[in-house]
Amino acid sequence: MITRETKVGDLLKNPIARDVLAQMVQYAGVKESVLINPFTKGLKLSAIPKFAGKAVPNIDSVIDSMIDLFNQEDGTKPLQPSNTAYWWKEAIVYQIYPRSFKDGNNDGIGDLRGIIEKLDYLHELGVTALWLSPIFDSPNDDNGYDVRDYRAIMTEFGTMKDAQELISELHKRDMRIILDIVVNHTSDEHEWFIDSVKNPSGKHGDYYIWRRGKGVLPPNNWNSFFSGPAWEKVDERDEYYLHLFSKKQPDLNWENPAVRDDVCGIIDFWREKGVDGFRLDVINYISKTSLEDGSELLGKLLQFTGIEHYFYGNRLHEYLHELRTRAFKDAFTVGETPGTGLEMNKLLTADEREELNTVFSFDHLENLGKNRFDNYRYNLNHLKRCFGKLEGAYADVAWPSIFVENHDNPRMVSKIDPREEYRDFIAKLLAVVLLTARGTVFLYQGQELGAANVDFQDLSELRDIESLNKYESLTESGVSSEAAWKTVLCGTRDHARTPMQWTNGTYAGFSEHEPWIRVGDKDNYNAEGEMQEETSVWHAYQTLIALRKAHPALVYGKFEPVEANKDDVFCYFRDDGDERFYIEINLCARNISQPRVKCKMELIYSNYMAQGDGLQPYEANVYRIDAPVFETV
Ligand code: ISL
Ligand code: CA
């Protein structure tokens with residue numbers, strides 16, 4: 001049991017405390033090693049405010065709520081290492097944002113027939129599984145992440161028959177399908193919600209999180225991720241409902257066993273249709289047993305008030321274990337879990353715990369102290385540190401998910417270095433990092449082409465509710481429209497949501513009709529052109545995917561970093577006892593020298609035509625090692 005009298009040294013035995021302390025020192029801008037120096041280890045929790053007070057004002061107020069969080073996991077047994085082979089560990093998953101991938105019927109909106117048309121393209125690239133962002137019936141307030149009917153296909157995307165054809169065409173090609181299930185919330189147009197509003201004492205009355213307001217104020221001070229308070233008043237019930245995302249995305253009440261039964265029913269329904277796996281939207285947010293006010297201090301640090309009450313809720317593990325045993329069974333699961341730390345993730349995914357197979361951790365997407373809406377150049381040393389942690393000891397007990405792009409983030413090449421002359425090199429460097437990593441690889445549509453951010457001109461070109469709300473709330477709070485636009489432009493999720501560029505023709509070959517969102521900027525990075533050009537980003541992906549598939553060492557092998565503390569280089573071995581590879585990457589735009597590794601090596605991939613003495617800007621090389629013995633000099 002952790003109390004205010006517990007010493008930091010003992011606190012570190014608790015997995016959640018380890019994660020939270022690590023996050024706190026990072027925010028405070030101090031090195032993590034501060035936690036293990038003898039002085040800090042001897043500090044009692046109650047003494048922390050005295051020492052951390054300057055860096056983290058008001059920390060005292062946070063300590064009590066943290067103690068409750070830590071005690072959830074006090075006394076958990078150490079987890080067993082596991083290296084069992086599963087198809088999903090070897091998978092090269094390709095994420096499709098269906099609205100923007102390919103328009104099969106030329107109405108300007110991507111659809112299932114469009115995806116079916118492109119299966120041979122994906123097969124040729126070498127991907128082995130598709131993850132489709134939600135394809136269910138939805139009013140599209142958040143492009144399908146607001147589901148109206150989990151058992152029907154969105155009309156614009158096609159029919160159930162198309163979905164079944166897609167599943168069987170994938171299976172014919174020995175490819176798997178992963179659906180995106182959004183069950184933290186539904187659409188406010190879902191029949192459960194409509195009934196919940198009308199019949200508070202009926203079957204669905206308690207399907208959502210309803211509370212009385214505090215006078216004229218909402219039930220608590222939590223914020224929505226899409227700006228404004230997380231509560232909306234409904235006069236009919238004279239109550240507020242909780243919505244962590246938009247007003248049209250009410251949060252389900254997982255405390256109600258009938259909600260969990262219904263979720264299991266939905267999963268069964270899709271399992272029976274042959275779906276192989278599920279990506280679970282914000283799945284770590286489902287357990288909300290405390291609706292107390294969020295700490296103002298944490299709210300400022302994390303940008304959203306209230307998160308500490310639900311990002312790792314009391315009954316999260318229980319619910320996930322229930323879903324696994326009742327519904328998922330052997331279907332693959334990847335949880336989207338914003339904000340959880342590595343120790344929590346181990347508890348969510350270790351084989352023996354029977355919860356999820358793997359989770360997306362987001363720590364690597366932004367440099368420390370930065371967020372998606374900050375305008376800055378991403379430093380790749382951070383990626384190296386984060387992936388180094390994931391692929392090392394962490395992966396011995398929990399299997400990582402490896403990705404750098406998805407539908408919620410701007411393009412990584414632009415973030416690292418927007419200079420056109422480096423675009424190819426960086427895109428290929430990322431391909432090397434991903435495809436030689438110890439974890440399941442997730443690629444996002446267009447990444448295989450080296451897609452870059454879009455030069456949006458004004459708000460009228462954006463579609464995303466997050467961007468539109470953010471702009472409005474910034475300008476309402478007094479920020480000039482110019483500054484608000486700059487902020488939104490920098491982080492808008494629409495950068496990744498413009499149509500896939502198939503050709504350099506009209507509408508990039510996506511459709512013959514004007515698309516629902518404008519096409520990205522015209523450049524030479526399109527599928528048709530790149531498939532013909534041997535040195536293209538596309539070919540780099542194809543080559544590296546084939547390499548990974550041919551060599552299990554690149555999937556399961558141990559990850560052994562070389563000179564991990566040296567900045568600007570990322571060098572490591574992958575070794576499964578049968579085969580050994582060496583990867584050598586320059587993380588910056590300067591020529592640099594690399595660690596000298598003394599062993600016989602054969603270069604099997606490089607993003608440069610010719611090697612020099614040191615490493616050229618963003619150079620990335622993969623070597624096979626013949627002699628099993630090596631030493632670094
Ligand atoms: O908004 C965030 C904080 O900036 C994110 O961490 C957020 O929690 C995360 O992006 C959740 O994303 C998922 O759920 C959303 C949906 O809009 C996204 O597209 C989806 O990936 C709501 O369903
Ligand atoms: Ca269409």
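Each ligand, and each atom within it, is numbered from 1 in the order the structure gives.
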Does [X] put an N, O or S atom under 3.0 Å from the Ca ion (ligand 2)?
| X | result |
| --- | --- |
| Glu156 | no |
| Ile109 | yes |
| Asn105 | yes |

Please list, in number order, the atoms of ligand 1 under 4.0 Å from a heavy atom of [X].
| X | value |
| --- | --- |
| Arg493 | 16 (C), 17 (O), 18 (C), 19 (O) |
| His407 | 18 (C), 19 (O), 20 (C), 21 (O) |
| Glu336 | 9 (C), 10 (O), 11 (C), 12 (O), 13 (C), 21 (O) |
| Phe225 | 1 (O), 2 (C), 3 (C) |
| Arg497 | 19 (O) |
| Pro338 | 6 (O), 8 (O) |

Item to check | Contact with ligand 1 for His185, non-hydrogen, under 4.0 angstrom | outcome: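 Heavy atoms of His185 do come under 4.0 Å of ligand 1.
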Could you tell me which N, O or S atom of [X] is nearest to the Ca ion (ligand 2)?
| X | answer |
| --- | --- |
| Asp107 | OD1 |
| Asp111 | OD2 |
| Asp103 | OD1 |

Next on the checklist: Here's one to test your reading of the geometry: is the NZ or CZ of Lys118 within 45 degrees of the ring axis of Phe101 and under 6.0 Å from its centre?
Outcome noted: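 No; the conditions do not both hold, so Lys118 does not lie above the ring face of Phe101.
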Record the part of [X] in heavy-atom contact with ligand 1 below 4.0 Å; permitted values are side chain, backbone, both and neither.
| X | value |
| --- | --- |
| Phe360 | neither |
| Phe304 | side chain |
| Phe226 | side chain |
| Glu366 | neither |

Does the ring centre of [Y] sit less than 6.0 Å away from the ring centre of [X]?
| X | Y | answer |
| --- | --- | --- |
| Phe269 | Tyr150 | no |
| Tyr285 | His185 | no |
| Tyr444 | Phe403 | no |
| Phe136 | Trp270 | yes |

[atom] [closest protein heavy-atom partner, distance rounded to 0.1 Å]:
| atom | result |
| --- | --- |
| atom 13 (C) of ligand 1 | Asp281 OD1, 2.9 Å |
| atom 8 (O) of ligand 1 | Tyr285 OH, 3.5 Å |
| atom 16 (C) of ligand 1 | Asp142 OD2, 3.3 Å |

Next on the checklist: On a heavy-atom basis, which atom in Arg377 and which in Pro418 lie closest, and how many Å separate them?
Outcome noted: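 Minimum heavy-atom contact is NE-CD, 3.3 Å.
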Item to check | Cationic N near anionic O, under 4.0 Å, Asp281 to Arg279 | outcome: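 Yes, charged N to carboxylate O under 4.0 Å.
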Next on the checklist: Could you walk me through whether His407 and Tyr145 satisfy the ring pair (Phe, Tyr, Trp, His ring centres under 6.0 Å) test, starting with their C-alpha distance in whole Å, then the side-chain angles of each, then the deciding distance to 0.1 Å, before giving a yes or no?
Outcome noted: CA-CA 12 Å; His407 65 296; Tyr145 284 89; 5.1 Å; yes
Next on the checklist: For the CG atom on Asn375, are there more than 12 heavy atoms of other groups (residues, nucleotides or ligands in this structure) within a distance under 6.0 Å?
Outcome noted: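 Atom CG in Asn375 is not packed in, count stays at 12 or less.
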Next on the checklist: Does any N or O of ligand 1 fall below 3.5 Å from an N or O anywhere on Glu466, backbone included?
Outcome noted: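 Min N/O separation from ligand 1 is not below 3.5 Å for Glu466.
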Item to check | Chi angles and distances behind the ring pair (Phe, Tyr, Trp, His ring centres under 6.0 Å) call for Phe226, His243 | outcome: CA-CA 10 Å; Phe226 293 162; His243 63 89; 9.4 Å; no
Checklist entry - Atom CZ of Phe328 and atom CD1 of Ile181: how far apart are they, to the nearest 0.5 Å? => result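 One gets 7.0 Å once the value is rounded to the nearest 0.5 Å.
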Next on the checklist: Using 0.5 Å steps for rounding, measure from the CG atom of Asp188 to the NZ atom of Lys247.
Outcome noted: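 It comes to 11.0 Å.
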Checklist entry - Heavy atoms of the protein only: does one fall short of 4.0 Å from atom 18 (C) of ligand 1? => result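 It does; a protein heavy atom is within 4.0 Å.
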Next on the checklist: One pair to check against ring pair (Phe, Tyr, Trp, His ring centres under 6.0 Å): Tyr310 and Trp222. What are the steps and the verdict?
Outcome noted: CA-CA 11 Å; Tyr310 59 77; Trp222 296 3; 5.2 Å; yes
Next on the checklist: Heavy atoms only: which of Asn284, Asn409, Val147, Asp408 lies closest to atom 10 (O) of ligand 1?
Outcome noted: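 Nearest option to atom 10 (O) of ligand 1, by heavy atoms: Asp408.
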Item to check | Proximity winner for atom 7 (C) of ligand 1, if only heavy atoms of Tyr97, Phe245, Tyr145 are counted | outcome: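 That would be Phe245.
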Checklist entry - Please walk me through it: do His495 and Phe456 pass ring pair (Phe, Tyr, Trp, His ring centres under 6.0 Å)? => result CA-CA 8 Å; His495 284 298; Phe456 291 114; 5.4 Å; yes
